[in-house]
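Structure record follows, encoded as structure tokens.
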Amino acid sequence: MTTSVRTRFAPSPTGPLHIGGVRTALYAYLFARKHGGEFLLRIEDTDRKRFVEGAEDYIVESLKWCGIQPDKPSARQSDDLAIYRREAERLVTEGNAYLAFDTPGELEAVRLEATAAGETFTYDHSTRMKLSNSLTLSADEVKNKVRSGDPCVVRLKVPAGQEIRFTDLVRQEVSVLSDRVDDKVLLKSDGMPTYHLAHVIDDHLSGITHVIRGEEWLPSAPAHVLLYRFLGWEDQMPEFAHLPLILKPDGKGKLSKRDGDRMGFPVFPIRWKDPQTSEKFEGFREAGYYPESFINMLALLGWNPGTDQEVFTMEELIGAFSVNHIHKAPARFDPDKARWFNAQWLQRRPDHDLAERLGATLEKKYGMDSFTPEFILGCVRLLKPRVQFEYEMPVTGSYLFEHPVHFDDKVLDKKWKAGFQPFFESLVGAFNKTETFNASSLEEVFRATAESHELKPGKVLQLLRVLVTGESGGVDLFPMLELFGKEKTLKRLANGLAYVSAKFVDHG
RNA sequence: GGCCCGUUCGUCUAGGGGUCUAGGACAUCUGCCUUUCACGCAGGAAACACGGGUUCGAUUCCCGUACGGGCUACCA
């Protein structure tokens, strides 16, 4: 029987998810879906000290916004601590782990000493026999310490001189000598398991077939292999895929929340407010990104489909995803490209969909029924190709919604010539007589009127725009006039002309 | 420091012993279109980190060096 694929995303609730974490979740999700398997969410809440209120909800909500839906309710490691203790005990009983009584203070002292001597202290096969643990203490001493409640941890007894091998889906064969694996703490003195113990047990018990996680876990992966072996599960050990990190756009190092602040882009999927400091961070959602473009951008950061396609729906990503197209080197996050992806998705959005939201925004700003749905839809069509985010539409297109009070004097001073006044007056008359008030006939009328005044259309075209909108640039001129309709166009034109004749009163 | 992992245009990347005059995308520049801005179209500039091998031949394989990153906690 073939085991079906099951992956998981296992964040700890210590703060907001950043884009590296989201990408890890995304790849795990895509991989599972691609193979018709399941994707699970597990909250790794075994660190009581670093627990942050609200982080779990944040993680769930972020994934939801991204469209990454787990197939089962999320599991929480703190829900079943007995099982970790039981397995830790078993490891001790079977001689693959041991009790260690060294206090943090004592270990710190040993470390300091080693550093002073120019060495690095590691709790491993080479040092454990000099320390205070169930390997060095007599059985009675150990029993007494345990009975009197001396704090102790359980450590993995890493055998010396063994070669540990495993296959990484991204990095192929990985082989490590056990001598450089330290005796990792499995169970902390507060009775909580560490990540190492807990995730191995949980992954095994929940039938995880592929562990997809960040590269920061690569160095401890050999210890995890050892754990599977000692626990007797090596033949069912999941496969590993260690993903490269995401680096900051400039300079060096991995992306952090400070970079976003510093350079003006989000690093979190959705808004995060730190419960301790009350610091607020904007997310991609608040910055106006569609979840589709966010996901699209993230998917292509460290992975490629092997084709030239760049715009992908989630379904398309699932179809195209493959671990052997994951890049080994870390990727740098590029805010420019992120914006480009959003623009791509915005262009693909149906007009009526955009119009609906633009309408809501306009309603808030200008009141109910200020504009007809047809007018708003027309604005969307004109505005759409020139924006990357929806929120830009009412801003860059404000002249569509407000009668101009300010006019671009720079253009007027430069281009307005004596004698243009009569031309524009004729134009008003001609527009007024135009039966079919549409872009093409308006343009025709405009050109004909210009010619009859012996003017090159180009000389006065931008002036027409300034008179109507106050702006030097903007959406396509004649389609815009068509959208305004005759009444509004003539009104705006008269308004603009009034401004100009007052402005140039001295030189006619 | 030690141990791991990595290194193709500014960025994301394709490719992988001869087809590489190294391909695409973002950004950038030029031109076309246009009154403008944007879109679009056409074009330009732009990369195999370095040094040794192996080979008839290396960007591609191996080894070093440099650089970058990760790990080095009773954090995940």
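Note on naming: letters A, B, ... go to the chains in the order of the sequence lines (proteins, then strands), and numbering restarts at 1 for each one.
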Assign each of A/Phe478 and A/Ala329 to its nearest nucleotide of RNA chain B by heavy atoms, then name whichever residue's nucleotide is nearer the 5' end.
A/Ala329
Does A/Thr469 reach the side chain of A/Val466, with side-chain heavy atoms less than 4.5 Å apart?
no
Take a 6.0 Å sphere around CD of A/Gln172 and say whether it holds more than 12 heavy atoms from other residues, nucleotides or ligands.
yes
Among B/C5, B/U36, B/U8, which is the nearest nucleotide to the side chain of A/His327?
B/U8
Can you tell me the distance, in whole Å, between the CD1 atom of A/Ile326 and the P atom of B/C5?
18 Å
Counting the benzene-type ring for Trp, do A/Trp416 and A/Phe424 have ring centres under 6.0 Å apart?
yes
Expressed in whole Å, how much space separates the P atoms belonging to B/A45 and B/G24?
12 Å
Indicate, with a heavy-atom threshold strictly under 4.0 Å, whether A/Gly214 touches base, sugar-phosphate, or nothing.
nothing
Between N or O atoms, less than 3.5 Å apart, protein on one side and nucleotides 19-27 of chain B on the other: list the pairs.
unit_1: B/A25; atom_1: O4'; unit_2: A/Glu310; atom_2: OE2; d: 3.0
unit_1: B/A25; atom_1: O2'; unit_2: A/Glu310; atom_2: OE2; d: 2.3
unit_1: B/A25; atom_1: O2'; unit_2: A/Lys337; atom_2: NZ; d: 2.9
unit_1: B/A25; atom_1: N3; unit_2: A/Lys337; atom_2: NZ; d: 3.3

Identify which one of A/Arg213, A/Lys328, A/Glu215 satisfies the side-chain hydrogen bond (donor to acceptor under 3.5 Å, both in side chains) criterion when paired with A/His242.
A/Arg213
With a 3.5 Å distance limit and no angle check, can you tell me whether A/Tyr27 reaches the backbone of A/Ala299 through a side-chain donor-acceptor pair?
yes
Report the nucleotide, chosen from B/U36, B/C75, B/C5, that has the shortest atom-to-atom distance to any side-chain atom of A/Asp47.
B/C75
Judged by atom type as modelled, is there a donor-acceptor pair below 3.5 Å linking the side chain of A/Ser293 to the main-chain atoms of A/Phe341?
no
In whole angstrom, give me the gap between the C1' atoms of B/G52 and B/A66.
14 Å
Between atom CG in A/Asp124 and atom C1' in B/G2, what is the gap in whole Å?
12 Å
If pairing means Watson-Crick or G-U wobble with both distances under 3.5 Å, then the partner of B/U21 is none
Could you tell me the separation between the CG atom of A/Leu255 and the P atom of B/U11, rounded to a whole number of Å?
16 Å
Which of these nucleotides, B/A76, B/U35, B/C12, is closest to any side-chain atom of A/Ala331?
B/C12
Indicate whether the side chain of A/Gln462 and that of A/Lys415 have a donor and an acceptor atom separated by less than 3.5 Å.
yes
On a whole-Å scale, what distance lies between the C1' atoms belonging to B/G1 and B/A14?
38 Å
Nearest-nucleotide pick for A/Leu107, side chain only, options being B/A76, B/C74, B/U35
B/C74
Which part of the nucleic acid, if any, lies within contact of A/Arg465, taking any heavy atom under 4.0 Å across all strands shown: a base, the sugar-phosphate backbone alone, or nothing?
base
Name the closest nucleotide to the A/Tyr195 side chain, picking from B/A76, B/U35, B/C74.
B/A76
So what does A/Pro335 hit on the nucleic acid, given a heavy-atom distance under 4.0 Å: a base, only sugar-phosphate, or nothing?
nothing
Name the pairing partner of B/C3, where a pair is Watson-Crick or G-U wobble with both distances under 3.5 Å, or state none.
B/G70
Under-3.5 Å N/O pairs linking protein and nucleotides 61-72 of chain B:
unit_1: B/G69; atom_1: OP1; unit_2: A/Gly253; atom_2: N; d: 3.2

Could you tell me whether a side-chain N or O of A/Thr313 sits under 3.5 Å from a main-chain N or O of A/Glu316, the two making a donor and an acceptor?
yes
Ignoring backbone atoms, test whether A/Arg50 places a side-chain nitrogen or oxygen under 4.0 Å from the OP1 or OP2 oxygen of B/A76.
no
Pick base, sugar-phosphate or nothing for A/Val153, based on heavy-atom distances below 4.0 Å to the nucleic acid.
base
Counting the atoms with a prime plus P, OP1 and OP2 as sugar-phosphate, which does A/Leu477 contact under 4.0 Å by heavy atoms, base, sugar-phosphate, or nothing?
base
Would you verify whether the NZ or CZ of A/Arg23 falls within 45 degrees of the ring axis of A/Phe333 while also being under 6.0 Å from that six-membered ring's centre?
no
Quickly work out the A/Asp202 CG to B/A76 P distance and round it to whole Å.
13 Å
Rounding to a whole Å, what distance do you find between A/Asp476:CG and B/G40:P?
14 Å
Are A/Asp45 and A/Ser78 close enough that a side-chain donor and a side-chain acceptor fall under 3.5 Å?
yes
Show the distances under 3.5 angstrom between N or O atoms of the protein and N or O atoms of nucleotides 43-50 of chain B.
none

Would you mind pulling out the nucleotide paired to B/G64, Watson-Crick or G-U wobble, both distances under 3.5 Å?
B/C50
With sugar-phosphate meaning primed atoms plus P, OP1 and OP2, does A/Thr396 contact a base, only sugar-phosphate, or nothing at under 4.0 Å between heavy atoms?
nothing
Presence of A/Lys49 side-chain N/O under 4.0 Å of B/A73 phosphate oxygens OP1/OP2
no
Derivation of the side chain to side chain donor-acceptor pair (under 3.5 Å) call for A/Asn438 and A/Ser441
CA-CA 6 Å; A/Asn438 63 37; A/Ser441 45; 2.6 Å; yes
Take atom C1' in B/A27 and the same atom in B/C9, then report the distance between them in whole Å.
12 Å
Within 6.0 angstrom of A/Arg165 CZ, more than 12 heavy atoms from elsewhere
no
With distance as the sole test, does A/Arg8 use its side chain to make a donor-acceptor pair with the main-chain N or O of A/Leu40 at under 3.5 Å?
no
Quick one: label A/Ser189 by what it contacts on the DNA or RNA (base, sugar-phosphate, nothing), any heavy atom closer than 4.0 Å.
base
Taking the same atom, P, in B/C26 and in B/G44, what whole-Å distance lies between them?
16 Å
Test item: side-chain donor near acceptor, A/Asp47 and A/Tyr195, under 3.5 Å
no
Check the distance between B/A38's P and A/Arg339's CZ and give it to me in whole angstrom.
15 Å
By the 4.0 Å heavy-atom rule, please label A/Lys415 as base, sugar-phosphate, or nothing.
sugar-phosphate
Taking the C1' atom of each, how far is B/A58 from B/G68, in whole Å?
24 Å
Check the distance between B/G1's P and A/Glu119's CD and give it to me in whole angstrom.
16 Å
Counting Watson-Crick and G-U wobble pairs only, both distances under 3.5 Å, name the nucleotide matched with B/G10, or none.
B/C26
Rounding to an integer number of angstrom, what distance separates B/A73 and B/C61 when you compare their P atoms?
34 Å
Base-pairing mate for B/C41 - Watson-Crick or G-U, with both contacts under 3.5 Å:
B/G31
Nearest-angstrom distance from the residue atom CG of A/Leu461 to C1' of B/C33
14 Å
What distance, rounded to whole Å, do you find between the two P atoms, one in B/C48 and one in B/G64?
23 Å
Between A/Gln347 (side chain only) and A/Lys384 (backbone N and O only), is there a donor and an acceptor less than 3.5 Å apart?
yes
Is there a donor-acceptor pair closer than 3.5 Å between any side-chain N or O of A/Glu106 and the backbone N or O of A/Thr103?
yes
With nearest nucleotide decided by heavy atoms, which residue, A/Phe333 or A/Gly474, maps closer to the 5′ end of RNA chain B?
A/Phe333
